[in-house]
J.: 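Just dropping this structure here.
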Amino acid sequence: MSDSHHLDLLRQMLRIRRFEERCAQLYQAEKIRGFLHLYIGEEAVAVGVIGSLQPDDAVVATYREHGHALARGMEPGKVMAEMYGKMEGCSRGRGGSMHLFDASRRFYGGNAIVGGGLPLAVGLALADRLRDRPGVTAVFFGEGAVAEGEFHEAMNLAALWDLPVLFCCENNLYAMGTALERSESQTRLTLKAASYEMSAWDVDGMDVLAVEEAASKAIESVRSGGGPHFLELRTFRFRAHSMFDPELYRSKEEVEIWKERDPIELFRRRLLADGALTEDDWAAMENDVAEEVESAVAFAEAGTWEPVEELTRFVYSEVVPS
Amino acid sequence: MSDSHHLDLLRQMLRIRRFEERCAQLYQAEKIRGFLHLYIGEEAVAVGVIGSLQPDDAVVATYREHGHALARGMEPGKVMAEMYGKMEGCSRGRGGSMHLFDASRRFYGGNAIVGGGLPLAVGLALADRLRDRPGVTAVFFGEGAVAEGEFHEAMNLAALWDLPVLFCCENNLYAMGTALERSESQTRLTLKAASYEMSAWDVDGMDVLAVEEAASKAIESVRSGGGPHFLELRTFRFRAHSMFDPELYRSKEEVEIWKERDPIELFRRRLLADGALTEDDWAAMENDVAEEVESAVAFAEAGTWEPVEELTRFVYSEVVPS
Amino acid sequence: MTSIATPTRTITYREAMREAIRDSMQRDDRVFLMGEDVGRYGGCYAVSKGLLEEFGPDRIRDTPLSESAFVGAGIGAALAGLRPIVEVMTVNFSLLALDQIVNTAALYLHMSGGQFHVPIVIRMTTGAGRQLAAQHSHSLEGWYAHVPGLKVVTPATIEDARWMLPTALEDPDPVVIFEHAGLYNSEGDLPEQGGPVDLDRAVVRRPGTDVALITYGGSLPKTLIAAHELADQGISAQVLDLRSLRPLDTEAILATVASTHRIVVVDEGWKTAGISAEIAASIAEQAIWELDAPIRRVCSVEVPMPYARHMEEAALPQPAEIVAAARELVGR
Amino acid sequence: MTSIATPTRTITYREAMREAIRDSMQRDDRVFLMGEDVGRYGGCYAVSKGLLEEFGPDRIRDTPLSESAFVGAGIGAALAGLRPIVEVMTVNFSLLALDQIVNTAALYLHMSGGQFHVPIVIRMTTGAGRQLAAQHSHSLEGWYAHVPGLKVVTPATIEDARWMLPTALEDPDPVVIFEHAGLYNSEGDLPEQGGPVDLDRAVVRRPGTDVALITYGGSLPKTLIAAHELADQGISAQVLDLRSLRPLDTEAILATVASTHRIVVVDEGWKTAGISAEIAASIAEQAIWELDAPIRRVCSVEVPMPYARHMEEAALPQPAEIVAAARELVGR
Ligand SMILES: Cc1ncc(C[n+]2csc(CCOP(=O)(O)OP(=O)(O)O)c2C)c(N)n1
Ligand SMILES: Cc1ncc(C[n+]2csc(CCOP(=O)(O)OP(=O)(O)O)c2C)c(N)n1
Ligand SMILES: [Mg+2]
Ligand SMILES: [Mg+2]
């Protein structure tokens, strides 16, 4: 892979990190309300996987999806405006942080029901298959969702029907306050896939190149008719589950140890060592990203409120979709 | 095992067979209505497993549970009266064939929602565990139920909490008209258990001794704190799914081949060969069973109809349970 | 709605449904049928019998026992441009798919600011009357009618069984079709020249002036029997078939009130907070002074459905009760 | 119900709930709490904070994300003699457990001819108002109230938060407790000498003669504000807190009608076929001639709940609308 590609991976992760750090501030400032789930620490996963997808592929994510939305190329301004609840937001201000959508990029959100996106992904893939379209559907979910019946049903259906689905399990070891070992009797998640005769790999989710390599291989196999594939992406959430979480369930030490494996810092050092990145490049990158984030905030600030009269619009369709 | 025990196993299977053959006639005669799911061909499973349980153990079954009810020692008269819809029935005539209950024998029915009994069994076992009672809960379900999310959730919970549950999967190869290979991407069902780190064996469900041996071992392990256990009991339904099923989905030949492995006939021949059974014994056994079935029918016929005024009784409790 | 002039043929409700599915699949290759045992078994109620042979396993798709996943998959397929008909064998099992129906199908369009349409049709059998006992006898139409984003229809006639589906498939939003198990064997005349019918208007199935009997779905035949008996007793009862429970045709309901001033609502569902409550409530809000008598509701007794025939009959609305309620309102 | 004489102390709704759980667990070792994050996390809404340390992981049991299984397990444990309190984090997720609640918990006693009691208590948070958007803002109390075999209560006051649970745990049948998320931080005075309260009677929270405002749960505070404003405008509004949605205290509802003759029902749930419909319907059936004005319902607008604050406020019932509805009925 070329240096420029590596620099781009670094930039993508940095964009997400700075964007969300700003979101946290804006939450304190009460510009953003509701639930806010930060992806900080897990950026390598969304960047590595989604960067390996094609425009015609589909993405289904969770309520912790800012990183996925940005990695998919959604405009930061529209995403930020959505969190502000502005009409210029990617969901018209109706969804907020948990419900980012972008039909033009086949970004199907943004689902706040744990496991709820999994059956949806199976259906998107079924449609692509029945219409002989080359699309692959990547669905993201946490390790906590593995305990849900919908995970089981969706895995079986995708495998049984050989559908082009890439199951991306973001194993950050906690589901709110519930550690994996208190959620699963068998914590080796790739064994679940085996029970559906689905191929599966576990991947270091803190190493963006490892994620990218695994994802590319898996996507290629899925696209070429190899059936669905399961990726366990081992990562960690550096921040609380949401802005309300006092984090009683884990120690500061545990978090600190994981922070030493910060995917951005690890990759930055590596590129510096390789000489692919200079300190100046880095400073410039930080600058560009900071500008992008500030213009996103400016866009959101300048946004308008949806007129209350439009509350009942789109309960039902105004036009018939083709 | 003693000859007398073997004869008893044979008798238990025969009781179920003749009882259900009579039910089929009574359905034609419109004495029994609603759905009627016959267990004919699968008798060795209920007899082998339930015969190995203790009185304090609990049983949870499906809508195909006549055999389980009889094997658990429920009076044939009360079961038949239930199918007649008589007040003397084991569920007061309110449940019918799909909802046989007997609190005195910890027989929790009789559940017509596929997979619905599985979470219930986990809870029964949890209660026994929390109260330090020695009970084991045996839950029966078909291979079709394995695709349901409730199966997945219940298996994980039982294994995660190390609960005394014996999961008995009656794999008769079809879920209504859906063959196992059209229902599961991975048809080796014991692999499912492995994905929950639960021990599992597959057993020839047409050989009552094999079932009994496996069940006894499994129950012993579960009771002694070994955690839940999964048994796949390979069997076959000789009759249609229900009285409405035209059986378009399978060939007569397939059914005929399986009938050659009729669990009753196989075991009868074996006992005759061993000299444990004589033709006279067999004739006597047939006689006893026929009498039992006829007295059950007589009991049902003599039964009374619940007064319509009692329709609203037991929507809520009349007494506080201890 | 059957006009007398046109030639008709006699078919069953089941056949009308099957014809509707076949015809829709022939016209539009984006349409497919998915559900438990819709293929090789021929459909639990034989509605899809023969379709597998005609359309093959891709379009007549047997699913495992996974209500949440295959309904959710139908929603995903609809989002991606197909026109799935998802059959949930019965409303009783739809409880396992409610999360997908309520939290995804019903919300996605509004929540995405108008971006994502979910043109799915979900068919399910509903109702009691066949001694299937408590877990197989629910009527939860009222629950579905409670949810914005869904459309809920209840074909009660042969013509609606034949012609509501094509309209539902043209609809850009999720439509839930409730088919009462007791109707499948009913026969009726279908006009040869029929065509798609609307999904939102109630229809007067029998004119009348003294009292109005408002009902839908599986209760329509019983209600017509009651109206007939009332006629024999010199009482002219109008019968309004709602056809759609969401949206409710409030205009038609109010017109009925204005013309008869006495209302009996007949609903196989439980009374408390069911669709019968909504009908009574909307009248109490919008036409209370039009009433010459209190509103009466004839619904199932609020008990889990018992197996024994006599108990089930006692639990379900019967023509005699409808007649009694109407007579009480009319005062003779 | 707070009598003026007795000494009181001020605590929050959340603390009252926690005290109720702790006290019940201390009194009866068959009682245990089970649900997602009730233990180490301290409860999504901090209700069970500190209880794990006091009672240990067997009785304050964290569950995996498996709503159907752990609710079903609670039902099984109740069948086997325990007294589980199962916390479903919010009503939105209870859709995944509905099969167990409706097809097992609600049916087993009747279906078994009276053999199997299911003394389970299921607690869930309900309601909107915190900008959590469409999938996290449902109010489905009306759905649960539709189901025979369940009891459904909606504590709206500190005293009910503290004293409904012990009664629910004594109850031999399944009781569903809805806790509105907006109430947890509310403070109030709790009588030191309190004790278990009934689960089936409505209570007049504010006397009044011109109009009655009937409500429950999270809408009670808004409704009391409206009544206060109405008083300032010279209109005496009675406020009836239903407390229980199943059974409904019809007697109290009819008494309210008889004393005020004008009814406004306030319900955060959607209007169509919700609990507000049942209240209006029962009045239209049993006390229609007592009414001096049509019944009015102030409910949430029938849309998925939007995220933006101004849109969410527009979608939810507000005191101003309640006031307007009441004034319209009173005619000043
Ligand atoms: C069905 C359902 N149950 C519970 C919740 C509440 N909840 C939101 S996120 C969450 C934890 C999910 O953990 P995981 O799947 O590992 O994803 P993560 O948050 O770690 O990314 C829970 C319990 C929910 N949103 N949906
Ligand atoms: C949740 C649910 N879905 C569908 C049905 C309809 N149904 C009843 S039995 C059955 C097949 C079950 O097959 P299996 O689990 O293998 O048990 P078997 O009948 O073979 O003993 C189906 C689909 C049901 N009762 N419950
Ligand atoms: Mg996690
Ligand atoms: Mg089977």
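Throughout, a chain's letter reflects where its sequence line sits, starting with A, and its residues are numbered from 1.
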J.: So, the side chain of A:Glu150 versus the backbone of C:Gln100: is there a donor-acceptor pair under 3.5 Å, distance only?
T.: no
J.: Looking at C:Tyr108 versus A:Phe101, is the centre-to-centre ring distance below 6.0 Å?
T.: yes
J.: Taking the side chain as everything from C-beta on, heavy atoms only, tell me whether C:Leu82 gets closer than 4.5 Å to A:Arg131.
T.: yes
J.: Identify the two heavy atoms, one from A:Leu124 and one from C:Ala80, that lie closest to each other, and give their separation to 0.1 Å.
T.: CD2-CB, 3.8 Å
J.: Might you confirm whether atom CZ of C:Arg40 has over 12 heavy atoms from other residues, nucleotides or ligands at distances under 6.0 Å?
T.: yes
J.: Could you report the tightest heavy-atom contact between A:Ala154 and C:Ala69, atom names first, then the distance?
T.: N-CB, 4.0 Å
J.: Could you pull out the closest heavy-atom pair between A:Trp161 and C:Pro64, with the gap in Å?
T.: CZ2-CD, 4.4 Å
J.: For the residue pair A:Pro119 and C:Ile75, establish whether any side-chain heavy-atom pair is separated by less than 4.5 Å.
T.: no
J.: Less than 4.5 Å to any heavy atom of chain C: does that hold for the side chain of A:Leu160, its backbone, both, or neither?
T.: side chain
J.: What residue, out of A:Val122, A:Asp102, A:Asn111, has the most heavy-atom pairs lying under 4.5 Å from chain C?
T.: A:Asp102
J.: A:Asn156 versus chain C, heavy atoms under 4.5 Å apart: side chain, backbone, both or neither?
T.: side chain
J.: Counting N and O atoms only, with roles assigned by atom type, does the side chain of A:Arg92 sit under 3.5 Å from a partner on the main chain of C:Gly114, one being a donor and the other an acceptor?
T.: no
J.: With heavy-atom distances below 4.5 Å as the criterion, would you say the side chains of A:Leu130 and C:Arg61 are in contact?
T.: yes
J.: Do you know the tightest heavy-atom contact between A:Phe107 and C:Phe116?
T.: O-CZ, 3.5 Å
J.: Mark yes or no for whether C:His110, through its side chain, and A:Leu311, through its backbone, hold a donor-acceptor pair below 3.5 Å.
T.: yes
